[in-house]
Amino acid sequence: MGTPFAEHAAPVSKRRVSVAAIVFLLATWTAFYALLADDIDVPHSAIPVPHNARAILSQCATIHASVEHPADFALLREESDRYDAADAKPSLVRNATLWVGDGRVVHDADVLIAGGIIKFIGRGLGRREIEESGVQEHLVQTYNAEGAWVTPALIDLHSHAGVVAIPNLDGSSDGNSLLGPVQPWLRAIDGLNTHDDAYELAIAGGVATALVIPGSANAIGGQGFVVKLRPTKERSPFSKVVEPPFTYNGTGIKPAHPPKWRYLKQACGENPSRVYGQTRMDSIYQMRSLYAEAAKLREAQDVYCDRAVNHDWKGLGDFPEDLRLEALVDVLRGRVKVNTHCYEAVDLDNLVRLSNEFRFKIAAFHHAHETYLVPDVLKKAYGGAPASAIFSTFARYKREAYRGSEFAARILHDAGLEVIMKSDAPNPINMRDLLYEAQQAHYFGLPADIALASVISTPAKVLGLDHRLGFLRRGYDADLVIWDAHPLQIGATPTQVLVDGIPQLGDKPVIAPKTSAQQAAPKTPDFSNEAAAAVKYEGLPPLEPTSSTSVRFVNVKYVWGSGKRYQDKDGKMGEVVVRAGKIVCAGNCTETAADSEETLVDLKGGEIAPGLVAYGGSYALAHIAFETSTGDGTVTDSLPALTGKGALVKASDGLVFGTRDSLLAYRSGVTRAITAPESQSVISGLSAAVSLGAAHRLESGAIPQRVVSLNVKLGRGGGASVSTQIGILRNLLHGGGEGETGEYFKKAVAGELPLVVYAEGADIISSLLELKNDLGVDSKLRLVISGATEAHLLAEEIAKANVGVIVHARAYPDSWDQRRIAKRPPLESGNNLSILKAHNVSVAFGHSEMWGWRARLLRFDLSWAEAETDGALSRADFLALATTKLEALLGLEVNEADREMVAYSGGDVFSLESKVTAVIAPLQGRVDLF
Ligand SMILES: *[C@@H]1O[C@H](CO)[C@@H](O)[C@H](O)[C@H]1NC(C)=O
Ligand SMILES: *[C@@H]1O[C@H](CO)[C@@H](O)[C@H](O)[C@H]1NC(C)=O
Ligand SMILES: *[C@@H]1O[C@H](CO)[C@@H](O)[C@H](O)[C@H]1NC(C)=O
Ligand SMILES: *[C@@H]1O[C@H](CO)[C@@H](O)[C@H](O)[C@H]1NC(C)=O
Ligand SMILES: *[C@@H]1O[C@H](CO)[C@@H](O)[C@H](O)[C@H]1NC(C)=O
């Protein structure tokens, strides 16, 4: 006999609203039916009643109707409007640990699913409850969760899936109309590509639903749509839409078809300014003038309907309508969730004033990098404070993102504002990685429940769909995920995803086993001081460390040295003593006398590990990637170099020190970076090794190696054809270069420095292997391929050619040449690392060149790769991927005694429970303390 859990009660305030709304609707509709009823005569008058009087009255009856869902919507639901009997068998998830969505956790729970909805949640569900739920027991497909975490499926509040499809092709680039800065009449559904690789990959990350919106080129970019990402039988864009408004397919709003939520995308700040060559002032004026037109139209409609309802037909004419303004009129009638991409205080203030001027509500500010600095501005918005839909750590790529903070989520939450983590798929975050955003927000201080809610229940509320999405409750859409670890642990992966009750991962999802420690939320470090400083310094807290020459670390659990991890043989905590930047004692250091300068640092069971080396990213070449005046600029033309008339570009000549991304990476355990010149041409130039903690280039050890590798970039769809690019490279490899270019290619062919070629697809990679082969078996060329998304397809050939590979964290098929990614669990077994490793390919780990901010996530990206590699590589192997292996591939000479060591308190180098507290810097003769 099972015990059902108490159904949720709708919050009082909400119930009050809906009662008021229902009373209002009843009043309107009663009037409407009274007018149409046969036994009521339309009053005689001298003025003829128009032939379409009924249609007019019908339209007028709905103009004031608001979007409402009865409080008992879910309770009364027998099956989903999205359900197709042929779709799915009923399912039963047994023995789950449910994260319900409202802060409650329920252990040992069973969830019965049929008709696309949750039929029953309880304990020890038996035959009787199954029968009472109208489900035929023999049809039920059972999943034994064995205590695993089960959450509602994730919801992405900001996605361009389908309108900016992946792989990105010109033929499916439907995200931004460039025909005008304000176009509320455009609809993302009209451009929604149904063949987007993003759908399957997002579901593999537990995401079932997304708000798909136009891009942010325009101040008003058009209407967005909430879609479920699963395939539908009809295979149409419209069949993906959740609660499609009746106006979208000609059905029209009627009493039986009440209005549903619509969604509008707006943008302020840099994007519309850049795209239309205008200013913030222009964008806001364009919005205001269109809103003013819409307000006039709404007024005209209201006057018209007042007259119609009073049978004042004389000269009434047609209902005032305008296809250009109809969506904005609906905004003013409160039937649209307005989502505005808006970063800075100036933009937020503009939009808040706009909302008050025209009296419309803003559902959420997106990106919203400064909302945490101006909570009081948000609270002044018409109808209540908008939510903030933000990134966790992606910031500083442009000026308006410069003050973004990893602590924004917790600060907003503490200020009583709603926080949502979102993707902006396909880039910079893809939907499959949405949960990672919540994991990071949690790491930096957002409470666990709020962090999970930020990608599940909060977006459901902000979308106005929390009557059916975002919670595990009876009658809700059966969109749920069974996880292999606690969802706030890095690497947590679905073992099954049900969307509308339909299992999405097939019969044999690939599961990489997780440890029991990964079944609980991580106990994250305390960042209260850092969060306070972010606010105090308006997003630019000083990041420079303080230093000490003499430090004693106590309660040290492990120390790494020469690729091994040492621990006291009795498992006791040890000490590590540093003098003048060098470790002079590790283990029992009672006999190393304390000196008067000594700083004591308690690592609370943490470890001291080698500093990580980051490959890729432009943070050592620019403070703000999109602001060319803050950095080195781009290598735009390879021809001068080719003809020998120009010098070969050296990254070491363009380095900028102390960028915020460099310092944040440093404070996250990344002590060095290898950076190539930013390039759009074939020959990028010479990469350099940089010390991320250095203040300027003249400091000791600031540039550990000025020339690391000769870098070349090959790709499709840019300027020169691939055959031209390969031809250029062949010519250079065979001595065709002149001047410095010729000189360095000769050195590369002689094996004096590695040639690193950025290439993604298997066809280009195999051409490279051929080029190497053409140099003869005795060739000393040290070829390394970076990017290398499809390298796993050629693992054997790459191993045979003795070519190294720098793989990027979690491949994603952004471009055609990346489309055959190693799909990773739960879709495919193994990832490229294990595949490459199995073939003995020399592998190292890096990030794509574009996004420097990711360097700070290196240890977590490695941890994720470790979590899904099935034990094929040890922890030491993983550390080596971003230290010694990378150095060996690139010929970076590191004297072990000069290697920076990083002290993590509270946990190990990969753990979400640890925090970097110090860097031991032998070359500088000091310890940097954070
Ligand atoms: C649920 O799963 C856990 C973990 O496997 C197990 O310890 C427990 O006994 C199971 N409970 C039931 C009711 O089967
Ligand atoms: C239009 O969409 C509504 C809402 O989904 C649906 O009820 C109706 O059947 C659709 N009509 C047509 C003609 O497709
Ligand atoms: C450390 O070594 C000293 C002697 O050198 C000894 O007295 C002490 O017990 C040791 N401490 C630990 C924790 O092993
Ligand atoms: C290689 O595998 C790692 C670990 O799963 C993954 O993070 C990375 O994205 C993959 N890279 C490529 C290029 O496939
Ligand atoms: C990889 O190297 C190991 C150890 O040297 C060897 O046993 C194995 O056969 C090699 N695998 C391949 C595919 O060459």
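In listed order, ligands and their atoms are each counted from 1.
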Between R82 and D477, does at least one N-O distance fall below 4.0 Å, as a salt bridge requires?
no
The atoms of ligand 3 lying under 4.0 Å from a heavy atom of T590, numbered in the order shown, are 1 (C), 2 (O), 3 (C)
For F246, the atoms of ligand 2 under 4.0 Å from one of its heavy atoms are 3 (C), 4 (C), 7 (O)
Near ligand 1 (heavy atom, under 4.0 angstrom), the protein residues are N95, D108, E146, G147
H467 and H69 aromatic ring geometry - parallel, tilted or perpendicular at 30°/60° bounds
parallel
Counting from 1 in the order shown, the ligand 2 atoms closer than 4.0 Å to a non-hydrogen atom of F238 are 2 (O)
Contacts of S911 meeting side chain to side chain donor-acceptor pair (under 3.5 Å) (sequence neighbours excluded), chain-then-number -> none
Under 4.0 Å between a side-chain nitrogen and a carboxylate oxygen: does that hold for E234 and K240?
no
Open item on the list: Check contact between Y248 and ligand 2, using heavy atoms of the residue and a distance below 4.0 angstrom.
Closed with: no
Residues passing the ring-ring contact (aromatic ring centres under 6.0 Å, His included) test with W149, sequence neighbours excluded, are H486
message = Take a 6.0 Å sphere around NZ of K260 and say whether it holds more than 12 heavy atoms from other residues, nucleotides or ligands.
response = yes
Check: Quick one: is the NZ or CZ of R468 closer than 6.0 Å to the six-membered ring centre of Y476, and within 45° of its axis?
Finding: no
Here the atoms of ligand 2 under 4.0 Å from any heavy atom belonging to T251 are 1 (C), 8 (C), 10 (C), 11 (N)
By ring-ring contact (aromatic ring centres under 6.0 Å, His included), Y248 pairs with (sequence neighbours left out) F225
If we number the atoms of ligand 2 from 1 as shown, the ones under 4.0 Å from a heavy atom of N249 are 1 (C), 2 (O), 3 (C), 8 (C), 10 (C), 11 (N), 12 (C), 14 (O)
| query | Can R262 and E326 be counted as an ion pair, charged N to O under 4.0 angstrom? | reply | yes
